[in-house]
Amino acid sequence: MKFLEEVINELVVSFKTVYNLEVDASKLLLSPTKKEFEGDFTLVIFPFVKDLKKSPEQIGDEIGKQMVEISSQVKDYNVIKGFLNLSLTDQFWKDNLDEIVGTEVYGDLASKDEKVMVEFSSPNTNKPLHLGHIRNILLGWSCAKILQAAGYEVIKTQIINDRGIAVCKSMLAWSLFGDGKTPESTGIKGDHFVGDYYVLFETKFQEEYGEWQSTAEGQTVFATRADLDQSEAAFFKAYKNDYFNNYSALGKAAKEMLLAWEAGDGPTVELWKKMNAWVYAGFEETYDKLLVNFDKYYYESDTYLLGKDAVKKGLDLGVFYQKEDSSIWIDLTDAGMDHKLVQRRDGTSVYMTQDIGTAQLRYQDFGATKMIYTVADEQDYHFQVLFEIMKRLKEPFAEGLFHLSYGMVDLPTGKMKSREGTVVDADDLMAEVIAEAKAASDERGEIAEISAEEQQETIRKIGIAALKFFMIKVHPKKRMTFDPKESVDMQGQTGPYIQNAYVRIKSILRRANDGFGDYSTYNELEDQEKVLLTLVMSYPDVVLEAANGYDPSTIANFCYSLAKEFHKFYHDIRILGAETENAKSFRLTLSSVVAKTLQHGMDLLGIEMPEKM
RNA sequence: GGCUCCGUAGCUCAGCUGGAUAGAGCAACUGACUUCUAAUCAGUAGGUCUCAAGUUCGAAUCUUGACGGAGUCACCA
């Protein structure tokens, strides 16, 4: 960490002076000394044994002695086996605390003058947001915040899948069975309203399909198409798509609607716009509750034809090749992947082509040299291929592409399936978790001296924090199980636990309006003070690590450690009742810095801090 | 079958740029609220870090191979 730069430089000098050995500063890793041992920071000596041909104990002793002599920050040392433990002076700690206090926004790193685009959420317009989206949104949002703190200029975006046969299904169902109802007239949130018609379409279609199966036509199809040993039920289950495409009246109507939409038919486009507006209003409401927003929206209705130019460019570059049937492909076998189609023989785009075109469009729009795609891990291969194609097309942003891939959220019963009605709705979940917070709060009695409104607001913050922290504390790549029946915890390794540490500090600071004085003569710092300060000092490194690894869980785990350490500190050491005014000032300052760091870290996770709880 | 990801305490997870005796939370048990508010703290118990081999002074961490789980390998998105 940067606070140790000086010490590390002195170590370099010491190795040079004592052994005439050139050591690279980056090789000298100082880690906080384990609690069982004396000292503040530890250098592992073993790596130097080979070069110096001396025992680790001897090297440790000689370097330690030299450090005490030349460094104004090292006051003592001890060597245990191959570990050199350095004890630093009180001044070192106080200087660093001063520096942190003097930093404008502690945790924000130097500006990088580089743009990065982060895509997340990216829903379909025919279904409300669910549990899976919540993980996606929290990860993407947090990643954007972290990159911003790390100095990038961030553009948050999503691409909305607002076209295709699925969208036409809900449009058709509403036209046929909607009776002119609207979200306003029914009081149903827009995205749920439209989603209901998507479900209704499926229901009506199933009815139609069921009836058809016993008709002469259905039976003939079964008799001629089914495998010998296939039961009627199994056959019809597998045949559903074919039925939709070849026999269904509803299917025919939906496909006609899609054609009409693609042709720009007036009434169809009007209906599409009207229903989309309902959905978007619903989405915005959910985003607001989750406290997230976007800088730029892309719509598939605008981008689904993109990528044609890229295909041409690829052909010219010799990156793509054309088959005799005139379909266009890329050969990625030398990169360990397969051949991949980029344009159908009828000249239309596929998903891959669309993504190529969209990436190029985004680069034109914003000039971002990094693009982060927050998409579930089932699409790992797709993005591997996409990024390889971009490299071969020599796109200027190709090296900055990253797939923020995350594991699915499972229920105890397995995968969420909309058809089986096991989807956990985002709005319901948030309401539930806030109710949990309310129950927990009621159990512990009223929060003193705040209005009912503030109380409600606090409970909201606590509930949402519990949910968000729960989802974001585990590494993105890990698949997670979510049991909606088990209430989200409010105690232990949770969001509210961290909020509580913050609230405790705030409460002390409110009482101590006089206490922010001088601590320059405070000496003999407590170990717990040093441990706490060391954690705070490591925070900028944690932000950097999270940004480099696109991993918000790093921040979450740091916040938990810091809160835990503070809770312990709070319990063991008097702050307002400190032995001296200097000690009190030091502890108040330290606490305020902990609060600022917690707030900054939790903000990177999209979690708000209450002032009281 | 090929490729990718995951496998650490009963459960949920940290730790993984190799370093000292592998850490938390939940659940169980015990103790601490007239205190800077206990959504807290302290303690007990719980581990062949899936297995095997290799590299190394040193491996949960790196390499290889097995085993188990998930995903993917569409002219779907």
Side-chain angles (χ1 to χ4, degrees), chain A residues 26 29 31 33-34 36-37 42-47 49-50 56 80-83 85 122 124 161 163-166 241 300 304 323 325 327-329 336-338 340-346 348-352 354-355 376-382 384-385 405-408 410 415 437 440-441 443-445 447-448 462 466 470 473-475 477-481 483 486 489-501 503-505 507-512 545 553-554 556-558 560-561 563-564 566-578 584 587-588 591 612-613:
Chain A
S26 64
L29 288 178
S31 46
T33 301
K34 303 228 174 222
E36 312 84 85
F37 303 99
T42 298
L43 178 72
V44 182
I45 298 296
F46 291 107
V49 171
K50 223 173 206 167
I80 296 170
K81 291 200 263 178
F83 301 90
N85 301 320
S122 303
N124 300 336
N161 180 8
R163 61 166 291 278
I165 193 71
N241 248 347
E300 274 195 25
Y304 78 108
K323 281 193 182 174
D325 67 1
S327 61
I328 299 174
W329 297 71
M337 290 172 257
D338 227 325
K340 179 76 194 176
L341 177 91
V342 292
Q343 187 173 298
R344 296 187 187 101
R345 58 174 166 257
D346 64 7
T348 55
S349 299
V350 292
Y351 178 43
M352 187 61 73
Q354 244 183 79
D355 266 9
D377 63 4
E378 57 191 356
Q379 292 196 42
D380 283 357
Y381 183 71
H382 170 79
Q384 229 179 304
V385 171
S405 158
Y406 62 91
M408 299 291 227
D410 289 323
K415 229 174 157 170
S441 170
E443 210 172 289
R444 115 177 0 99
I447 307 169
I462 294 171
F470 175 84
K473 74 177 178 188
V474 330
H475 187 94
K477 292 254 31 145
K478 272 202 169 135
R479 224 182 156 85
M480 67 194 297
T481 311
D483 190 345
E486 241 175 69
D489 282 331
M490 306 275 164
Q491 285 168 12
Q493 196 177 35
T494 66
Y497 175 94
I498 297 165
Q499 291 178 319
N500 185 229
V503 164
R504 283 182 145 179
I505 296 171
S507 160
I508 291 175
L509 294 179
R510 272 194 300 271
R511 284 162 190 269
E545 191 192 331
S553 72
T554 312
N557 287 309
F558 170 83
Y560 174 68
S561 310
K564 185 173 167 57
F566 181 80
H567 276 306
K568 187 175 164 54
F569 173 78
Y570 174 91
H571 185 264
D572 293 347
I573 291 177
R574 303 267 89 190
I575 298 170
L576 290 174
K584 182 171 147 189
R587 287 172 196 167
L588 281 169
S591 300
K612 295 179 178 177
M613 67 191 281

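In what follows, chains are A, B, ... by sequence order, proteins preceding strands, each numbered from 1.
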With a 4.0 Å cut-off on heavy atoms, is Pro56(A) in touch with a base, just the backbone sugar-phosphate, or nothing at all? nothing

Check whether any side-chain N or O of Arg344(A) sits under 3.5 Å from a backbone N or O of Ser327(A) as a donor-acceptor pair, and report yes or no. no

Reading RNA chain B 5' to 3', what string of ( ), [ ], | and . shows its pairs, if Watson-Crick and G-U wobble pairs count only when both distances fall under 3.5 Å? (((((((..((((.....[...)))).(((((.......))))).....(((((..]....))))))))))))....

For C41(B), does either OP1 or OP2 sit under 4.0 Å from a side-chain N or O belonging to Tyr497(A)? yes

Select base, sugar-phosphate, or nothing to describe what Val44(A) touches, counting heavy atoms under 4.0 Å on all strands. base

Just checking Ile573(A): base, sugar-phosphate only, or nothing, at a heavy-atom cut-off of under 4.0 Å? base

Heavy atoms under 4.0 Å, any strand shown: does Asn85(A) hit a base, just sugar-phosphate, or nothing? base

Considering only the C1' atoms, how many Å lie between A70(B) and U63(B), rounded to the nearest integer? 24 Å

Are any of Lys473(A)'s side-chain N or O atoms less than 4.0 Å away from OP1 or OP2 of C13(B)? no

For Asn241(A), report the nucleic acid contact type (base, sugar-phosphate, nothing); a contact means any heavy atom under 4.0 Å. nothing

The nucleotide from C75(B), A77(B), C36(B) with an atom nearest the side chain of Asp325(A) is C75(B)

Looking at Ser327(A), I'd like to know whether one of its side-chain N or O atoms comes within less than 4.0 Å of OP1 or OP2 on C75(B). no

Whether Phe83(A) stacks on the six-membered ring of G19(B) base, 5.5 Å and 30° limits: no

Does any N or O donor sit under 3.5 Å from an N or O acceptor when you compare the side chain of Asp489(A) with the base of A27(B)? no

Rounding to the closest angstrom, what is the interatomic distance between C5(B) and C62(B) at atom P? 12 Å

Which value, rounded to the nearest 0.5 Å, describes the distance between Leu588(A) atom CG and Arg511(A) atom CZ? 12.0 Å

Determine: side-chain N/O of Arg511(A) to OP1/OP2 of U35(B), distance under 4.0 Å, yes or no. no

Rounded C1' spacing from A66(B) to G23(B) in Å: 29 Å

Could you check whether Thr481(A) gets within reach of a base, just the sugar-phosphate, or nothing at all, counting any heavy atom under 4.0 Å? nothing

So, is Tyr570(A) close to the A38(B) phosphate, meaning a side-chain N or O under 4.0 Å from OP1 or OP2? yes

For the OG1 atom of Thr33(A) and the CG atom of Leu43(A), what is their distance to the nearest 0.5 Å? 10.0 Å

Nearest-Å distance once atom P is located in both C73(B) and C11(B): 32 Å

Show, in sequence, the C-alpha distance, side-chain angles and deciding distance for Tyr560(A) and Ile498(A), and conclude whether the side chain to side chain contact (heavy atoms under 4.5 Å, CB included) test is met. CA-CA 6 Å; Tyr560(A) 174 68; Ile498(A) 297 165; 4.3 Å; yes

Looking at Arg444(A), I'd like to know whether one of its side-chain N or O atoms comes within less than 4.0 Å of OP1 or OP2 on A39(B). yes

Could you measure between the two C1' atoms, the one in G46(B) and the one in C29(B), and give it in whole Å? 12 Å

Which distance, rounded to the nearest 0.5 Å, do you find between the CD1 of Ile45(A) and the CD1 of Ile80(A)? 12.5 Å

Pairwise distance CD1(Ile575(A)) to OH(Tyr570(A)) - rounded to 0.5 angstrom: 7.5 Å

Can you list the steps and then say if Phe558(A) with Glu545(A) is a side chain to side chain contact (heavy atoms under 4.5 Å, CB included)? CA-CA 11 Å; Phe558(A) 170 83; Glu545(A) 191 192 331; over 6 Å; no

Between the base of A39(B) and the side chain of Thr494(A), is there a donor-acceptor distance below 3.5 Å? no

For A9(B) versus G15(B), give the span between their C1' atoms, rounded off to a whole number of Å. 15 Å

Think Lys340(A) has a side-chain N or O under 4.0 angstrom from the OP1 or OP2 of C75(B)? no

Can you tell me how far the NZ atom of Lys34(A) sits from the CZ atom of Phe83(A), to the nearest 0.5 Å? 8.5 Å

Closest nucleotide among A20(B), C41(B), U72(B) to the Lys564(A) side chain: C41(B)

How far does CZ of Phe569(A) sit from CZ of Arg587(A), to the nearest 0.5 angstrom? 6.0 Å

Within 6.0 Å of CD in Glu443(A), more than 12 heavy atoms from elsewhere: no

Contact pattern, 5' to 3', of nucleotides 4-11 of chain B - B, S or - by protein heavy atom under 4.0 Å: -SSS----

Tell me whether the side-chain N/O atoms of Lys34(A) come closer than 4.0 Å to OP1 or OP2 in U21(B). no

For nucleotides G18(B) and U56(B), find the distance between their P atoms and express it as a whole number of Å. 16 Å

Verdict with reasoning, Met352(A) to Leu341(A), per side chain to side chain contact (heavy atoms under 4.5 Å, CB included): CA-CA 8 Å; Met352(A) 187 61 73; Leu341(A) 177 91; over 6 Å; no

Between C26(B) and G65(B), how many Å separate the two P atoms, rounded to a whole number? 41 Å

